[in-house]
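This report refers to the structure that appears directly beneath it.
By convention here, the first residue in the shown sequence is residue 1. Side-chain atoms are counted along with the backbone in the values below, which use heavy atoms only and exclude waters and symmetry mates.
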Amino acid sequence: IADGACDCDGNVDDECGVCGGDGPIDGYNCNGQPLEFEYNVSQFQAFYFFTEVSIDGNAVGADDWVGAFNGDICVGARQWDVDGCGGTCEVPVNGFDGSEFTSGYMMMGEIPTFKIFDASEGMYYDAVASEEVPWQNFGFNSIDSLENIIYGCTDDTACNHDVNANVDDDTCEYAETNYDCDGNCIVDIDCAGECGGSSVVDECGTCGGDGIADGACDCAGNVEDCAGECGGSSVVDECGTCGGDGIADGACDCAGNVED
């Protein structure tokens, strides 16, 4: 066997130590793990079981992976072959055990985040679990679901609610007060045509008017005369009589006396 060769055909070891091999598959290491899901095994571990794992509502395939992270550090991963798992797979989530190989790994009470690797597309997706469970050593945690993050408005009272979104991105838009999302007024419209306005027609037929002025007896601003007639012309004469003629011609007082 020639120097440097690993067999009589002149082949050499690839980077994975396989004689005549082609090296790792693009995007994977020599152990078949996605490159972003490489991690070190710690003496301290917890396990997170997920009943369902999906991308855009579709269950992941047997070649897909789930990785656990503490910040940007991968702290565990596994291939999501549910048949090989017996129906429900778990992700090992490693903790800091004091060694340099686990620096930055999980500490008690911290909450791991997760990613899903779609093998068919070679894509990593940030994922959100249906429940946040703090890490503890030797913890066995069962969680209903893990799905790729879909950003959008999650408030079902908003006009642009996204039924597929699972993480709110602060883009929710709401109807103006007294209107629905289509711009229709949903409360009473006042006499001025204002939706939800408070203007009413007063006793004079004026929208938003003040009605009959204080002291007036009608909408024209008239007042009652001394006879009680609204807008009448009767006045109290000099003798104190409403509508009277006052001192008679030739008389010198209201009693009809004349000067001597």
- Task: State which residues pass side-chain contact (heavy atoms from CB on, under 4.5 Å) with Gln43; sequence neighbours excluded, sorted by chain then number.
- Result: Asp97
- Quick one: CG on Asn70 to CG on Asn94, what's the gap to the nearest 0.5 Å? 11.5 Å
- So which heavy atom on Gly71 is nearest to which on Thr113, and how close? O-OG1, 4.4 Å
- Item | Whether over 12 other heavy atoms sit under 6.0 Å from Asn184 CG | yes
- Message: Are Ile73 and Met108 linked, directly or through intermediate hydrophobic residues, by side-chain heavy-atom contacts shorter than 4.5 Å (ILVMFWY only)?
- Response: no
- Enclosure of Asp156 CG (heavy-atom neighbours >12, cutoff 6.0 Å): yes
- Any Arg78 side-chain heavy atom under 4.5 Å of Cys85 side chain: yes
- Query: Does the side chain of Ile116 reach to within under 4.5 Å of the side chain of Leu146, using non-hydrogen atoms?
  - Reply: yes
- Item | Note, Cys252 side chain near Ile247 side chain (heavy atom, < 4.5 Å) | no
- Task: Please check if the side chain of Gln79 supplies one atom and the backbone of Ala62 the other of a donor-acceptor pair under 3.5 Å.
- Result: yes
- Does any non-hydrogen side-chain atom of Gln33 lie less than 4.5 Å from one of Tyr39? yes
- Honestly curious: do Val60 and Met123 fall in one hydrophobic cluster under the side-chain, below-4.5 Å linking rule? yes
- Item | Heavy-atom neighbours of Glu38 CD exceed 12 at 6.0 Å | yes
- Message: Hydrophobic clusters here meaning ILVMFWY residues chained together by side-chain heavy-atom distances under 4.5 Å, can you tell me if Phe69 and Val93 are in one?
- Response: no
- Query: In terms of hydrophobic clustering (I, L, V, M, F, W, Y; side-chain heavy atoms under 4.5 Å; direct or indirect links), are Val41 and Val75 co-clustered?
  - Reply: yes
- Task: Not counting sequence neighbours, which residues clear side chain to side chain donor-acceptor pair (under 3.5 Å) with Asp169? List them please.
- Result: Thr171
- For atom CD1 of Ile186, decide whether the heavy atoms of other residues, nucleotides or ligands shown that lie under 6.0 angstrom number more than 12. yes
- Query: Can Phe49 be reached from Val66 by stepping across I, L, V, M, F, W or Y side chains whose heavy atoms are under 4.5 Å apart?
  - Reply: no
- Query: What pairs of residues pass the ring-ring contact (aromatic ring centres under 6.0 Å, His included) test when at least one of them lies in residues 126-150, not counting sequence neighbours?
  - Reply: Phe47-Phe140
- Any pair counted as ring-ring contact (aromatic ring centres under 6.0 Å, His included), so long as it reaches residues 158-201, sequence neighbours left out: none
- Query: Any donor and acceptor pair, going by atom type alone, linking the side chain of Asp188 with main-chain N or O of Gly196 inside 3.5 Å?
  - Reply: no
- Query: Rounded to the nearest 0.5 Å, what separation is found between the CD1 atom of Ile143 and the CD atom of Glu132?
  - Reply: 9.5 Å
- For Cys153, the disulfide (SG to SG under 2.5 Å) test, sequence neighbours excluded, returns Cys172
- Item | From OG1 (Thr88) to CH2 (Trp80), nearest 0.5 Å | 8.5 Å
- How would you list all residue pairs meeting ring-ring contact (aromatic ring centres under 6.0 Å, His included) that involve residues 84-126, not counting sequence neighbours? Tyr28-Phe117, Phe37-Tyr124, Tyr48-Phe114, Phe50-Phe114, Phe117-Tyr124
- Task: Could you name each residue pair satisfying side-chain hydrogen bond (donor to acceptor under 3.5 Å, both in side chains) that touches residues 191-218, not counting sequence neighbours?
- Result: Asp218-Asn222
- Item | Pairwise distance CD1(Ile55) to CG(Asp118) - rounded to 0.5 angstrom | 4.0 Å
Solution key, residues 4-11 side-chain donor-acceptor pairs under 3.5 Å, sequence neighbours excluded:
{"unit_1": "Asp7", "atom_1": "OD1", "unit_2": "Asp9", "atom_2": "N", "d": "3.1"}
{"unit_1": "Asp7", "atom_1": "OD1", "unit_2": "Gly10", "atom_2": "N", "d": "3.1"}
{"unit_1": "Asp7", "atom_1": "OD1", "unit_2": "Asn11", "atom_2": "N", "d": "2.9"}
{"unit_1": "Asp7", "atom_1": "OD2", "unit_2": "Asn11", "atom_2": "ND2", "d": "2.9"}

- Scan for side-chain hydrogen bond (donor to acceptor under 3.5 Å, both in side chains) pairs involving residues 53-68, sequence neighbours excluded, and state none if there are none. Asp56-Asn148
- Distance, nearest 0.5 Å, that separates CG of Asp170 from OG1 of Thr154: 9.0 Å
- Query: In the hydrophobic clustering (ILVMFWY, side-chain contacts below 4.5 Å, transitive), which residues join Val128, or is it alone?
  - Reply: Ile149, Tyr151, Val167
- Provide the closest heavy-atom pair for Pro112 versus Met106 in the form atom of the first, atom of the second, distance. N-CE, 3.6 Å
- Message: Glu36: which residues meet the salt bridge (Lys or Arg N to Asp or Glu O under 4.0 Å) condition with it, sequence neighbours left out?
- Response: Lys115
- Message: If you define the side chain from C-beta out and look only at heavy atoms, does anything of Glu15 sit under 4.5 Å from Pro24?
- Response: yes
- Applying disulfide (SG to SG under 2.5 Å) to Cys195 and not counting sequence neighbours gives Cys185
- Can you tell me how far the CG atom of Asn29 sits from the CG atom of Asn31, to the nearest 0.5 Å? 5.0 Å
